[in-house]
Amino acid sequence: MNWKKFGAESRIARGAILVFERKGGGHVGLYVGEDRTHYHVLGGNQNNSVSITRIEKGRLVTGGVRWPKTADAPIGGKVELSSAGAPVSKTEA
């Protein structure tokens, strides 16, 4: 969960770093968008590949939206996407 300490806590925006909890550890990915129940996350080691997958919103840790301190503040905000066609991840392994 060291990523929870990375940079600064941020508002949600495309490219923000999201930190999730999961059994056996955590998972980190980049925010692409969201639907009603899941975040769409670009990450590595998601089903043994780099992919965009849907991760349940309830798994986001408190303070788990991060942005590098050395980068300009994020532009934009929430990106609404359809849930159709994107797989749901449960383990990210």
Practice problem: Treat each ILVMFWY residue as a node, draw an edge where side-chain heavy atoms are under 4.5 Å apart, and state whether Y31 and V50 are in one component. | Solution: yes
Practice problem: Return the minimal non-hydrogen interatomic distance between V61 and K4, and the atom names on each side. | Solution: CG2-CD, 4.0 Å
Quiz prompt | Cluster overlap W67 with V28, hydrophobic side-chain contacts below 4.5 Å | solution = no
Practice problem: Side-chain contact test, heavy atoms from C-beta onward, threshold under 4.5 Å: evaluate it for W3 versus H27 and give yes or no. | Solution: no
Quiz prompt | Test item: D35 and E80 side chains (from C-beta on) under 4.5 Å apart, heavy atoms | solution = no
Quiz item: Of the non-hydrogen atoms in P74 and S10, which two are nearest, and what is the gap between them?
Solution: CG-OG, 3.4 Å
Self-check item: Test side-chain contact (heavy atoms from CB on, under 4.5 Å) applied to L60 - qualifying residues, sequence neighbours left out
Solution: L18, F20, Y39, V65
Practice problem: Please report the closest heavy-atom contact between G7 and K69, naming both atoms and the distance. | Solution: O-CE, 3.0 Å
Self-check item: Approximate separation, where rounding is to 0.5 Å, of H40 NE2 and E34 CD
Solution: 8.0 Å
Practice problem: Show the numbers, then the answer: is there a side chain to side chain contact (heavy atoms under 4.5 Å, CB included) between R54 and S83? | Solution: CA-CA 8 Å; R54 296 171 60 229; S83 61; 3.6 Å; yes
Practice problem: Supply the atom-to-atom distance T53 OG1 to H38 NE2, rounded to the nearest 0.5 angstrom. | Solution: 8.5 Å
Quiz item: Hey, is the main chain of F6 close enough, under 3.5 Å, to the side chain of R66 for a donor-acceptor pair?
Solution: yes
Quiz prompt | salt bridge (charged side-chain N to carboxylate O under 4.0 Å, His left out) partners for R59, two or more places apart | solution = E92
Quiz item: Taking the side chain as C-beta and beyond, is there a heavy-atom pair between T37 and K57 under 4.5 Å?
Solution: no
Exercise. Check the pair Q46 / S89 against side-chain hydrogen bond (donor to acceptor under 3.5 Å, both in side chains), numbers first and verdict last.
Key: CA-CA 7 Å; Q46 295 177 160; S89 179; 5.9 Å; no
Quiz item: In Å, rounded to the nearest 0.5 Å, how long is the span from CD of E56 to CD of E21?
Solution: 10.0 Å
Self-check item: Transitive ILVMFWY side-chain link L30 to V88, under 4.5 Å
Solution: no
